[in-house]
> 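Just dropping this structure here.
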Amino acid sequence: MSDCIFCKIVNGEIPCYKVYEDAEVLAFLDISQTTKGHTLVIPKEHFDNILYCPEDLLGKVIRVAQKIAQAEVTTLGAQGVNIIINTNEVAGQTVMHFHVHVIPRYSDNDKLRLEFLSNKLEKLNLPSIAEDISKSIK
Ligand code: 5GP
Ligand code: ZN
């Protein structure tokens, strides 16, 4: 028996408002509804986060996120969506079962605040950073 909340949702031990299901992927409404229709897409199998999710399954999860985003635009009248994957606690991940947030956006006055603040670029060695990342991609 898993202690993971999302595994419990997959197993039917905790109820959810289901949006989509196939053999490997489940999508359901986020309990917090940051905006109307805020949905979570998860692999049914437990992986702590995107870093551990196998490639094929990741593709399926992302494809379902795209389908839900399309439905939110066509049916709920969203003008856009944010698709967010928080990874590890430092990045705001609170449930350690890989999930993709699909959050419809209706106006810039809704409850979601995302801000990419600019760093002091002159203090960063960009060629070296790019090379470090590039050479360790498997
Ligand atoms: P995170 O911060 O890990 O990226 O997002 C976890 C999300 O799971 C939060 O937005 C939270 O509202 C949602 N959540 C936590 N517990 C439950 C639950 O029992 N049911 C549903 N539907 N969503 C949950
Ligand atoms: Zn789990």
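Treat the numbers as computed from the prediction; the structure is a model and nothing was measured. Numbering of ligands and ligand atoms starts at 1, following listing order.
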> Within the 4.0 Å heavy-atom shell around S32, which atoms of ligand 1 are there?
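Selected atoms, number and element: 10 (O), 12 (O).
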> As an exercise, identify every atom of ligand 1 less than 4.0 angstrom from a heavy atom of Q93.
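Those qualifying, in numeric order: 3 (O).
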> Say whether, by atom type as modelled, one donor and one acceptor occur between the side chain of T75 and the main chain of E72 under 3.5 angstrom.
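Not confirmed, T75 side chain does not pair with E72 backbone.
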> Please confirm whether the backbone N or O of L26 pairs with a side-chain atom of E21, one donor and one acceptor, at under 3.5 Å?
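Answer holds: no.
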> May I ask you to check whether I31 has an N/O atom sitting below 3.5 Å from an N/O atom of ligand 1?
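For ligand 1, there is an N or O atom that lies under 3.5 Å from one belonging to I31.
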> Please write down residue, atom name and distance for the protein heavy atom closest to atom 15 (C) of ligand 1.
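Residue, atom and distance for the closest contact: V95 CG2, 4.1 Å.
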> With heavy atoms of N86 as the reference, note each atom of ligand 1 found under 4.0 Å away.
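The atoms of ligand 1 under 4.0 Å from a heavy atom of N86 are 1 (P), 2 (O), 4 (O).
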> Which of these, L40, I85, I9, has its nearest heavy atom closest to atom 20 (N) of ligand 1?
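That would be I9.
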> Applying a heavy-atom cut-off of 4.0 Å, say which part of T94 lies close to ligand 1: side chain, backbone, both or neither.
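Near ligand 1, T94 shows its backbone as well as its side chain.
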> With I9 as reference, evaluate L40, I42, I14 under the side chain to side chain contact (heavy atoms under 4.5 Å, CB included) test and give the passing residue.
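In the set L40, I42, I14, the residue that makes a side chain to side chain contact (heavy atoms under 4.5 Å, CB included) with I9 is I14.
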> What atoms in ligand 1 come closer than 4.0 Å to a heavy atom of H101?
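So the answer, numbered in order with elements, is 1 (P), 4 (O), 5 (O), 7 (C), 10 (O).
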> Does M96 have a heavy atom less than 4.0 Å from any atom of ligand 1?
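False for this residue.
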> Any nitrogen or oxygen of F28, side chain or backbone, less than 3.5 Å from one on ligand 1?
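No, there is no polar N/O contact under 3.5 Å.
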> Do me a favour and list the nearest non-hydrogen protein atom to atom 16 (N) of ligand 1 with residue, atom name and distance?
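Protein heavy atom with the smallest distance to atom 16 (N) of ligand 1: I5 CD1, 4.1 Å.
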> Which N/O/S atom belongs to H46 and is the closest one to the Zn ion (ligand 2)?
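Nearest N/O/S atom: ND1.
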> Tell me, which protein residue and heavy-atom name are nearest atom 11 (C) of ligand 1, and how many Å apart are they?
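Closest protein heavy atom to atom 11 (C) of ligand 1: D30 OD1, 3.4 Å.
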> Could you check which N/O/S atom of H97 is closest to the Zn ion (ligand 2)?
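That would be atom ND1.
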> Within less than 4.0 angstrom of ligand 1, does H99 place any heavy atom?
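A heavy atom of H99 does come that close to ligand 1.
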> Is it true that a side-chain atom of Q93 and a backbone atom of D48 form a donor plus acceptor pair closer than 3.5 Å?
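Such a contact is found between Q93 side chain and D48 backbone.
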> For this output row, return yes or no: ring centroids of H99 and F6 closer than 6.0 angstrom.
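Between F6 and H99, which both carry aromatic rings, the centre distance is below 6.0 Å.
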> Given that the side chain starts at C-beta and the backbone is N, CA, C, O, which of these parts of F6 lies under 4.0 Å from ligand 1, counting heavy atoms, or is it both or neither?
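The answer is the side chain.
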> Kindly assign one of parallel, tilted or perpendicular to the pair H38 and H101, based on the angle between their ring planes and the thresholds 30° and 60°.
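Rings of H38 and H101: tilted, 30 to 60°.
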> Taking L112's backbone N and O only, do any of them form a donor-acceptor pair with R105's side chain (distance below 3.5 Å, no angle check)?
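Yes, because the side chain of R105 sits within donor-acceptor range (under 3.5 Å) of the backbone of L112.
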> Taking S32 for its side chain and D30 for its backbone only, find out whether a donor-acceptor pair lies under 3.5 Å.
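No, because the side chain of S32 does not come within donor-acceptor range (under 3.5 Å) of the backbone of D30.
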> With T39 as reference, evaluate I68, V64, V81 under the side chain to side chain contact (heavy atoms under 4.5 Å, CB included) test and give the passing residue.
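Result for side chain to side chain contact (heavy atoms under 4.5 Å, CB included) with T39: I68.
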> Can you tell me the protein heavy atom closest to atom 2 (O) of ligand 1 and the distance?
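Result for atom 2 (O) of ligand 1: G92 O, 2.8 Å.
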> Is the shortest distance from a Lys or Arg side-chain nitrogen in K44 or E24 to a carboxylate oxygen in the other one below 4.0 Å?
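Looking at K44 and E24, the cut-off is not met.
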> Taking atom CG of D56 as the centre, report whether more than 12 heavy atoms of other residues, nucleotides or ligands fall under 6.0 Å from it.
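No, not enclosed.
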> Nearest to atom 22 (N) of ligand 1, what protein heavy atom do you find, and at what distance?
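Checking every protein heavy atom, the shortest distance to atom 22 (N) of ligand 1 gives L29 O, 2.9 Å.
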